[in-house]
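Read the structure below first, then the notes.
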Amino acid sequence: IAANQAGNSNYTAATEVTQTFSIGQGSQSIAFGAAPTVVVDGTGTVSATGGASGNPVSFSSQSPAVCTVTGSTVSGVTAGSCVIAANQAGNSNYTAATEVTQTFSIGQGSQAILIASATPASIAFGQTSTLSTTGGSGFGSVTYAVTTGASFCSVTGNTLTGTGVGTCTVTATKAADANYTAATATVNVEVLAAADLEI
């Protein structure tokens, strides 16, 4: 910076003098956008605005057992608290932004099951059949119940028994666990007179 002062009728102009000092790097900050809604096995997108350096904001997971992040896409691994960190590098004019974090919950995911039988299935009066299911990502136990036509079928554990000639509906329920909501599936079972059962 140069400083000058003009003279007048009694004084000459002052000799110019200069002062030199450094202009330091400016600071920049990061602000997260709204937290995404993410469930186990699902994804969501995080967003943030950074400072004037123009460098991109980068994201990382501080709770990789609960969630991971690739680019700005967050994937739910298990139910719990997900912590995402945001950083922005500096340049010759701006220092790196101070790291900030955003915390949100990873919710339970959904699961689907199937009763491992043809639909409709058929058994003979007095006959028994062992029920089983396929699918379902959680560790909840599976229970079975006759939901319609209870006079034609009964269930004990996973054993179905034909108790009358007619059609019943069997529902399987896989219980919820920490990471997945409960799932249900149904199958219609036709109970035939023993002589009518196709061999």
Side-chain angles (χ1 to χ4, degrees), residues 26-91 94-121 129-148 155 157-160 169-189:
S27 62
Q28 54 182 348
S29 61
I30 300 169
F32 268 103
T37 299
V38 183
V39 298
V40 174
D41 293 336
T43 61
T45 302
V46 287
S47 62
T49 55
S53 70
N55 290 321
V57 175
S58 61
F59 301 103
S60 61
S61 174
Q62 295 191 334
S63 50
V66 176
C67 61
T68 60
V69 62
T70 302
S72 60
T73 300
V74 177
S75 299
V77 178
T78 60
S81 291
C82 173
V83 182
I84 299 296
N87 286 275
Q88 183 183 29
N91 60 14
Y94 293 92
T95 58
T98 300
E99 181 180 88
V100 294
T101 60
Q102 184 177 60
T103 302
F104 51 91
S105 295
I106 302 297
Q108 290 174 301
S110 60
Q111 57 180 334
I113 62 172
L114 291 172
I115 298 178
S117 304
T119 304
S129 177
T130 300
L131 299 166
S132 63
T133 61
T134 59
S137 302
F139 294 101
S141 60
V142 177
T143 56
Y144 302 92
V146 176
T147 47
T148 64
V155 171
N158 66 340
T159 301
L160 174 69
T169 301
V170 177
T171 298
T173 302
K174 188 176 180 70
D177 62 15
N179 292 318
Y180 295 93
T181 57
T184 61
T186 61
V187 63
N188 293 323
V189 178

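Hydrogens, waters and symmetry mates are skipped; everything else that's a heavy atom, side chains included, is used.
Here the side chains of V77 and V66 are not in contact, with every heavy-atom distance at 4.5 Å or above. Between I106 and V40, the closest side-chain pair of non-hydrogen atoms falls below 4.5 Å. You'll find the side chain of F59 stays beyond 4.5 Å of the side chain of V74, heavy atoms only. Contact annotation: the side chain of Q62 approaches that of T101 to within less than 4.5 Å [non-hydrogen atoms, C-beta and beyond]. Two residues are said to be in side-chain contact when any heavy atoms from C-beta on lie closer than 4.5 Å; C67 and V38 fail this criterion. Looking at P36 and V46, their side chains come closer than 4.5 Å, going by heavy atoms from C-beta outward.
Proximity of a side-chain donor or acceptor of S75 to a complementary backbone N or O of T68 within less than 3.5 Å is not detected. At least one donor-acceptor pair under 3.5 Å links the side chain of T78 to the backbone N or O of A65. Under a 3.5 Å cut-off, the side chain of K174 and the backbone N or O of A183 do not form any donor-acceptor pair. Between the Q88 side chain and the Q28 main chain, no donor and acceptor come within less than 3.5 Å of each other. A donor-acceptor pair under 3.5 Å is formed between the side chain of Q102 and the backbone N or O of G33. N179 places a side-chain N or O within 3.5 Å of a backbone atom of A79 that can act as its donor or acceptor partner. Between the D177 side chain and the G138 main chain, no donor and acceptor come within less than 3.5 Å of each other.
Within the model, atoms OG of S132 and CG of L114 stand 10.5 Å from one another, a figure rounded to the nearest 0.5 Å. Taking CD1 from I115 and OG1 from T133, the interatomic distance works out to 8.0 Å, rounded to the nearest 0.5 Å. Atom CG in N55 sits 12.0 Å away from atom CG in N87 (nearest 0.5 Å). Within the model, atoms OG of S61 and CD1 of I84 stand 4.5 Å from one another, a figure rounded to the nearest 0.5 Å. Here the CD1 atom belonging to I113 is positioned 8.5 Å from the OG1 atom belonging to T134, to the nearest 0.5 angstrom. The distance from atom OG1 of T143 to atom CG of N158, rounded to the nearest 0.5 Å, is 11.0 Å.
Residues I30 and A48 come closest through the heavy atom pair CG2-CB, 3.8 Å. The two residues A172 and V142 have their closest heavy-atom pair at CB-CG1, 4.3 Å. Across all their heavy atoms, F32 and A86 have their closest contact at CZ-CB, 3.5 Å. Shown here for S63 and S81, the closest heavy-atom pair between the two residues is OG-O, 3.6 Å. The minimum heavy-atom distance linking S53 with A89 is given by the pair OG-O, 3.3 Å.
Remark: the D41 side chain and the Y180 side chain contain an N/O donor-acceptor pair separated by less than 3.5 Å.
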Q: Take T173 and T171 through the test side-chain contact (heavy atoms from CB on, under 4.5 Å) and record every step on the way to the result.
A: CA-CA 7 Å; T173 302; T171 298; 4.1 Å; yes
